Amino acid sequence: MFDIKWIRANAELFDSSLKRRGQPPASADLIALDDARKAKVTAMNEAQEKRNALSKQIGQAKAAGDNARAESIMAEVGALKSAVQEFEEAERTLTDELNTKLSFLPNLLHPEVPDGTSENENVTIRTHLEPKTFSFKPKEHYEIGETLGLMDFEAAARIAGSRFVVLRGQMARLERALGQFMLDLHTREHGFTEVSAPLLVRSEALFGTGQLPKFSEEAFETTDGRWLIPTSEVSLTNLVREQILSGEDLPLRFTSLTPCFRSEAGSAGRDTRGMLRQHQFAKVEMVVVTTPDRSEEEQHHMLGCAEAVLRKLEIPYRVVALCSGDMGASMQRTYDIEAWLPGQNAYREISSVSMAGDFQARRMNTRYRNGEGKLDFVHTLNGSGIAVGRALIALVENYQNEDGSVTIPEALRPFMGGLERIG
RNA sequence: GGGUGGGUGGCAGAGUGGUUGAAUGCACCGGUCUUGAAAACCGGCGGGCGUGUAAGCGUCUCGGGGGUUCGAAUCCCUCCCCACCCGCCA
């Protein structure tokens, strides 16, 4: 959420950021609306001031026993009252309109974000490990999983429909092991606090992180008006909503392993096979709440935490900086980590590490006291650390053997009861 | 699902129609004292909006909205939220 005062002072920058996201300029319209609002506020204040002064005089007149004078002033105030109400109503209408427009705007882009209109223009920052070469044609994860009888898409479809999966036996355990492994890593080595938080949240929470009002079709709403979280970023970030934090307590670092639920409206036909794009998937999320000056540093730290997962699992990946046209609306800068999938012969997103600046903090009204005791909005960041479902895909595909079995990487064996291979 | 009680400043907690934006305590900031710190004492201390270079001034704000009244944190209506008890269920 933007501060209209900031837009006034930075109109050009604001519009150019919108343009880079492929949207038309909005500052002129917003400023005009705010001008109208201000005019009403001033008129309203003047009318209120007059009313208050006269009301006071009534009290004085009555105290002095001058009832005639009191009544003449009362008549005067009576006339003023309706005027005050009209101003108030007009002011509220304009303020609501302005806030609604502001709430739909995407975040300002960080200057380093590369220009582009689609993922094709994302910029690769670095690559870790060369894609493994296979002496046979590597299969896709679902072929491996189905052949082993450990991934069952048909059963899932009978129970829940398409875009669900049933994992069985060691494959189910593998998913659990991956989650445990990641949580242990982040809590023991990366300074995160593990959190178990609601998966079902109020609209206000989704508004806070920016999924509402603009992206309501991407999440599932319950019959009682709550929402299934599309990511635990929502629960973790909203942990600090409507709070005034002490600067000394920052940064806060939270992590959580949760299911995530996405309607995938608009992605019909994309990634329909396998468990790459599901309505439900497990993800370890990291959220950081910090002071503005540490924000960028924390993003790089978090990116490193996510990378550490893949490094320990020895899965090839690359880090890309998302271009302006591919970035999420709430974010200022995003790095994606893409794992190599031999079966697909492609890199696919497995983590996304983003910086929101004060965009979410404003929507949640989360502030902290700085060194001078002044209130300021915190900065928030989030990143997958990492997507468990996709990590399982990457693991199965990268560690597949010609006989259809899957080797368990060293780092994960302690979480698999020492098991060295599946199948 | 049934019933009851509540939502006041960073926190706790007074306040049921008239200089109350709001007592008091804690926290916080400044100062005195101290070698330093603590304690004690003195002083300061909500937020939003508008206006102004600023100091300041104005206005709104005691969960949201509406109403009664010359005047509302205090009365009425309505919505939201929270807590507790009973029932049901994990």
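Sequence lines set the chain letters: A, B, ... in the order given, protein chains first and strands last, and positions in each chain run from 1. The structure displayed is predicted, hence computed values, not measured ones.
Rounded to whole Å, the C1' atom of G64(B) lies 15 Å from the corresponding atom of C82(B). One C1' atom belongs to U68(B), the other to A73(B), and the distance between them is 16 Å to the nearest Å. Atom name C1', nucleotides G21(B) and U59(B): the rounded distance is 13 Å, in whole Å. Here, C26(B) and A39(B) have their P atoms 11 Å apart, quoted to the whole Å. Rounded to whole Å, the separation between the P atoms of G58(B) and G3(B) comes to 49 Å. Look at the C1' atom in both C75(B) and G15(B): the space between them is 16 Å, to the nearest Å. When the C1' atom is compared between U8(B) and A14(B), the two are found 10 Å apart, to the nearest whole Å. Across the P atoms, C60(B) and A54(B) are found 23 Å apart, a figure rounded to whole Å.
OP1 or OP2 of C81(B) sits under 4.0 Å from a side-chain N or O of R202(A). Taking 4.0 angstrom as the limit, K40(A) places none of its side-chain polar atoms (N or O) nearer than this to OP1 or OP2 of G50(B). For the OP1/OP2 pair of C60(B) and a distance below 4.0 Å, the side-chain nitrogens and oxygens of N52(A) include at least one atom meeting the criterion. At C49(B), none of the side-chain N or O atoms of K38(A) fall inside 4.0 Å of OP1 or OP2 (strictly under the cut-off).
Note: CD (E242(A)) to P (C11(B)) measures 11 Å, nearest angstrom. At whole-Å resolution of the value, CZ in F377(A) and C1' in G48(B) are 10 Å apart. Distance D3(A) CG to G48(B) P: 11 Å, rounded to the nearest Å. Across the protein-nucleic acid pair, N45(A) atom CG and G52(B) atom P stand 13 Å apart, rounded to whole Å. Residue E91(A) contributes atom CD, which lies 11 Å from atom P of U61(B) at whole-angstrom precision. A straight line from CG of L98(A) to P of G48(B) spans 17 Å, rounded to a whole angstrom. Spacing between atom CG of D376(A) and atom P of G10(B) amounts to 16 Å, rounded to whole angstrom units. The nearest whole Å value for the distance from the CZ atom in F87(A) to the C1' atom in G50(B) is 14 Å.
The partner of G50(B), taking Watson-Crick or G-U wobble pairs whose two distances both stay under 3.5 Å, is C57(B). Taking a pair to require two hydrogen-bonding distances under 3.5 Å in either a Watson-Crick or a G-U wobble arrangement, C70(B) pairs with G18(B). Pairing partner, A90(B): none, since no Watson-Crick or wobble contact has both distances short of 3.5 Å. U34(B) is unpaired under the Watson-Crick or G-U wobble criterion, no partner having all donor-acceptor distances under 3.5 Å.
Between F164(A) and H279(A), the distance from one ring center to the other falls under 6.0 angstrom.
A salt bridge is defined here as a Lys NZ or Arg NE, NH1 or NH2 lying under 4.0 Å from an Asp or Glu carboxylate O, and R294(A) with E297(A) meets this definition. Using a cutoff of 4.0 Å between basic side-chain nitrogens and carboxylate oxygens, E264(A) and R262(A) are not scored as salt-bridged. A salt bridge links R8(A) with D35(A): the distance from a Lys NZ or Arg NE/NH1/NH2 to an Asp or Glu carboxylate oxygen falls below 4.0 Å. K5(A) has no carboxylate O lying under 4.0 Å from a charged side-chain N of D3(A), or vice versa, which leaves the two without a salt bridge. The pair R37(A)-E97(A) does not meet the salt-bridge criterion, since no charged nitrogen lies less than 4.0 angstrom from a carboxylate oxygen. The residues R333(A) and E296(A) are annotated as salt-bridged, a charged nitrogen and a carboxylate oxygen being separated by less than 4.0 angstrom.
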| note | The contact string for nucleotides 62-71 of chain B, one letter per nucleotide 5' to 3', using protein heavy atoms under 4.0 Å with B, S and - for base, sugar-phosphate only and none, comes out as ---SSS-BBS
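S295(A) is linked by a side chain to side chain donor-acceptor pair (under 3.5 Å) to H379(A), counting only residues two or more places apart in sequence or in another chain.
Residue contacts for K50(A): at a heavy-atom cut-off of 4.0 Å it reaches no nucleic acid atom on any strand shown.
Mapping V41(A) and E49(A) onto RNA chain B by nearest heavy atom places V41(A) at the nucleotide closer to the 5' end.
Counting only residues at least two apart or on different chains, the salt bridge (charged side-chain N to carboxylate O under 4.0 Å, His left out) pairs with a member in residues 348-360 of chain A are D271(A)-R348(A), D358(A)-R362(A).
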